[in-house]
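I have placed the structure first, in the form of structure tokens, so that the comments after it can refer back to it.
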2 protein chains.
Amino acid sequence: MSTIQDVARHAGVSISTVSNVLNGRADRMRRQTLDRVEAAIRELAFTPNRAARQLKTGRTSMLGLLVPSIANPMYGFIAREIETSAQERHGHRVLLGNTYRNREKETGFFDDLLAQGVRGVIVISSLVDEQHFESAVGRGLVMVSYDRRATPDAGSGIDHVSVDNFEAARLAASHLIGHGHRRIAFATASGETTSRSEKIRGFLEAAQRAGLGDGACVIDRRTVSEYGDSEMADVGRALAGDIARAPHRPTGIVAVNDMLAFGLMAGFRDAGLVVPRDVSVIGIDGLFLASLVTPPLTTVRLPVAQMAATMVERVISRLADPQLVAGEFLFQPELVERASVAPAPAGPTGGGRGTARRRSIGKAARDRKAGKTRT
Amino acid sequence: MSTIQDVARHAGVSISTVSNVLNGRADRMRRQTLDRVEAAIRELAFTPNRAARQLKTGRTSMLGLLVPSIANPMYGFIAREIETSAQERHGHRVLLGNTYRNREKETGFFDDLLAQGVRGVIVISSLVDEQHFESAVGRGLVMVSYDRRATPDAGSGIDHVSVDNFEAARLAASHLIGHGHRRIAFATASGETTSRSEKIRGFLEAAQRAGLGDGACVIDRRTVSEYGDSEMADVGRALAGDIARAPHRPTGIVAVNDMLAFGLMAGFRDAGLVVPRDVSVIGIDGLFLASLVTPPLTTVRLPVAQMAATMVERVISRLADPQLVAGEFLFQPELVERASVAPAPAGPTGGGRGTARRRSIGKAARDRKAGKTRT
DNA sequence: TTGAAAGCGCTAACAT
DNA sequence: ATGTTAGCGCTTTCAA
């Protein structure tokens with residue numbers, strides 16, 4: 001690896017002149033000098049040593065990205081968008097860390113970022129406790145958090161980029177209700193997180209509007225302690241068993257996310273129930289895998305690419321201008337109809353009441369307004 | 001962020017003493033001194049600046065990881081294992097790069113690694129041309145490549161870690177044959193890669209041993225030009241259409257990988273064919289998703305965790321000892337039986353001939369020896 | 001228009 | 001047992 005010294009010598013100029021061309025100050029020299037320097041750079045295949053540059057300026061061209069597990073398809077998808085955006089639009093590389101939802105790992109990752117001189121980080125975490133985030137910000141990290149709305153007291157210095165979870169679940173529940181379902185459930189892993197509570201609120205709101213009464217319920221299961229990538233799917237699978245065994249079971253299920261929906265579908269299959277004939281399932285996320293499973297999963301899709309672009313853009317600009325105040329960025333989801341939702345089965349508990357019918361029309365209109373897609 | 005200077009002052013010692021404790025040379029000082037320094041480090045929450053350390057020593061605690069796309073579940077899975085192993089067992093962080101199978105992106109990633117001072121990289125690529133790898137190695141990168149056997153002429157300075165692809169496909173084909181299938185196909189995306197050719201060889205070998213003659217064939221389709229994460233699945237889906245339309249179609253398909261198998265299953269569903277009643281499908285990889293789809297996918301599982309651990313161990317040790325010569329590391333796959341393979345349908349072309357039966361027993365015995373698992 | 005020089009935070013050889 | 005010091009490769013005043 002050649003150094004700036006080599007280039008200077010090769011071009012017969014001083015290192016400051018080389019540094020000037022490296023840093024876009026070519027106007028400070030004669031055309032001829034510029035040419036000589038550029039030729040030398042090319043001939044020696046010189047690339048400035050970033051460690052040295054960083055030591056001097058305190059700036060890096062790296063971003064940290066913290067995910068629970070990159071093996072989870074949803075995080076893989078988001079990570080891909082983030083890395084591509086960081087690289088192609090901002091020339092930044094991405095340092096990846098799996099945290100398995102473990103606080104020590106998250107803290108350790110922040111420490112390492114700081115030690116490496118990396119000051120921008122995008123965090124995908126569902127840990128309720130934000131303490132260590134605040135502390136990391138206090139130590140100089142510029143942080144953008146995914147899918148956890150700002151806490152009301154705000155002013156944390158953390159950007160929050162998320163989807164409108166309330167709307168996502170409302171859309172999903174409305175879709176079920178629009179198909180005549182009067183007994184619906186929201187299936188999730190237990191544990192409070194902002195995104196989950198909002199989805200539950202949205203789900204309940206739709207149910208209430210449709211006058212479902214206690215036809216709507218929330219069911220959950222704890223995840224097994226150690227983080228597994230199939231965590232969500234496992235919960236869904238177990239939940240499907242619970243549902244299948246229930247005496248008066250719901251006919252439509254909103255899953256907190258696609259992975260859990262996949263688990264539900266597998267669990268129903270285990271239990272001998274056919275989706276969507278016996279029970280309808282709708283997910284939230286919009287993974288490409290959703291179109292591959294049998295039956296293709298109807299889901300509420302998140303605008304992942306835009307969210308990723310926003311997250312990257314936020315870290316980069318706040319890194320450049322520390323004055324910038326952290327904000328909240330909310331994105332709208334979109335229904336993707338496929339084949340896992342069918343009209344509620346006729347029968348004692350099935351849909352078909354006049355009110356349900358009327359409401360279903362209203363819902364459909366609203367869905368259309370929110371923007372549906374077919375894939 | 002405090003510096004080594006601050007610590008030295010705080011402890012009332014020189015910076016070399018602090019540096020000594022930082023670098024495990026505590027034996028060079030009095031116990032008392034050590035204590036004072038350690039206390040100062042703790043009180044100031046001091047973490048050595050890695051950029052400075054790197055500038056001085058030329059060493060980094062970062063590894064590069066290049067994948068076609070982290071959104072592909074298989075790469076996500078491997079990346080997770082690599083990152084965890086690098087971090088927990090060797091204290092190294094991972095710099096991630098998506099390359100979308102694009103040579104320029106790969107080269108750009110190598111350039112950046114070198115500029116960052118990162119000298120170890122794990123490469124997952126299926127680009128046939130190895131030229132730019134060699135060149136990167138020439139410029140100082142210590143490289144470990146995943147799933148591309150060393151080229152015969154060897155001596156490239158690149159470690160090769162891969163699964164026994166021949167055996168994987170042989171295992172898969174034998175499994176089908178053991179279930180009485182006499183008309184089988186190997187489904188893949190077109191394009192020559194070492195791993196694909198070996199899988200094809202293994203598949204053909206099993207077919208030949210069973211005397212299938214032209215009952216065995218290889219079918220492929222080109223992927224669409226731009227890299228998509230559903231690339232493989234799309235190919236599988238299209239291929240399933242081709243197969244369904246074929247006049248004398250195979251009854252069992254070996255997919256080049258699980259993603260393609262998922263696509264096949266979706267495609268057969270589109271075509272009104274039921275897996276495994278009408279056609280059996282077996283994948284290669286062993287993604288956790290395989291147990292979720294309907295029907296659960298029988299597959300040949302790669303020992304991903306071990307392979308990842310080996311890759312990381314190799315980069316790290318060759319980084320530490322440049323004398324170490326690059327090698328080849330081959331891992332054995334394992335059959336995971338689930339429900340996507342059933343006995344060949346009876347009928348004019350189905351199995352059931354005496355020879356098929358006898359052979360199927362022989363195969364079963366061989367499979368058992370190779371080690372089967374049920375999940 | 002160009003160059004000299006200080007110094008970012010650290011390591012390690014070399015004093016003391 | 002502890003301290004002094006010369007850089008690692010770069011950016012950036014400041015001077016010429």
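A note on names: the letters A, B, ... follow the listed sequences, proteins ahead of strands, and every chain is numbered from 1. Worth knowing before you read on, the calculation uses all heavy atoms, side chains too, and leaves out hydrogens, waters and symmetry mates. Predicted model only: the values in this text are computed from it and were never measured.
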Practice problem: Go along nucleotides 9-16 of chain D 5' to 3' and tag each nucleotide: B for a protein heavy atom under 4.0 Å from its base, S when only backbone or sugar atoms are that close, - otherwise. | Solution: BBBB----

Under the salt bridge (Lys or Arg N to Asp or Glu O under 4.0 Å) test, which residues partner [X], sequence neighbours left out?
X         : value
Glu88(B)  : Lys105(A)
Arg314(B) : Asp159(B)
Glu328(A) : Arg149(A)
Arg9(A)   : Asp6(A)

Self-check item: Opening and closing nucleotides of DNA chain C in contact with chain A, under 4.0 Å to non-hydrogen atoms
Solution: dT1(C) to dG9(C)

Quiz prompt | Sequence neighbours excluded, every pair satisfying side chain to side chain donor-acceptor pair (under 3.5 Å) that has a member inside residues 53-73 of chain B | solution = Arg50(B)-Ser61(B), Ser69(B)-Asp229(B)

Self-check item: Pairs involving residues 37-47 of chain B, ordered by first then second residue, that meet side chain to side chain donor-acceptor pair (under 3.5 Å) (sequence neighbours left out)
Solution: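 Sorted result for residues 37-47 of chain B: His10(B)-Glu43(B).
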
Practice problem: Could I get the full list of side-chain hydrogen bond (donor to acceptor under 3.5 Å, both in side chains) partners for Ser16(B), not counting sequence neighbours? | Solution: Ser14(B)

Exercise. State which residues pass side-chain hydrogen bond (donor to acceptor under 3.5 Å, both in side chains) with Arg89(B); sequence neighbours excluded, sorted by chain then number.
Key: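 Partners of Arg89(B) under the side-chain hydrogen bond (donor to acceptor under 3.5 Å, both in side chains) test: none.
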
Quiz item: Are Glu83(A) and Arg93(A) close enough for a salt bridge, meaning some N to O gap below 4.0 Å?
Solution: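 The answer is yes: the pair qualifies as a salt bridge.
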
Quiz prompt | Salt-bridge present (Arg30(A), Asp35(A); N to O < 4.0 Å) | solution =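 Looking at Asp35(A) together with Arg30(A), the answer is no, because their closest N to O distance does not fall below 4.0 Å.
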
Quiz item: Just wondering, do Phe133(B) and Ile158(B) contact through their side chains at under 4.5 Å, heavy atoms?
Solution: yes

Quiz item: Which residues in residues 32-42 of chain A have at least one heavy atom lying under 4.0 Å from any atom of DNA chain D?
Solution: none

Exercise. Take the protein atom CG of Asp27(B) and the nucleotide atom P of dT2(D), then report the distance between them rounded to whole Å.
Key: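 My rounded result for the distance is 12 Å.
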
Quiz item: Would you say Arg36(A)'s side chain and Ala11(A)'s backbone share a donor-acceptor pair under 3.5 angstrom?
Solution: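 Yes.
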
Quiz item: Through what angle, rounded to 10 degrees, does the axis of the helix from dT1(C)-dA16(D) to dT16(C)-dA1(D) turn between its ends, using five pairs per end?
Solution: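 Rounded value for the end-axis angle: 50°.
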
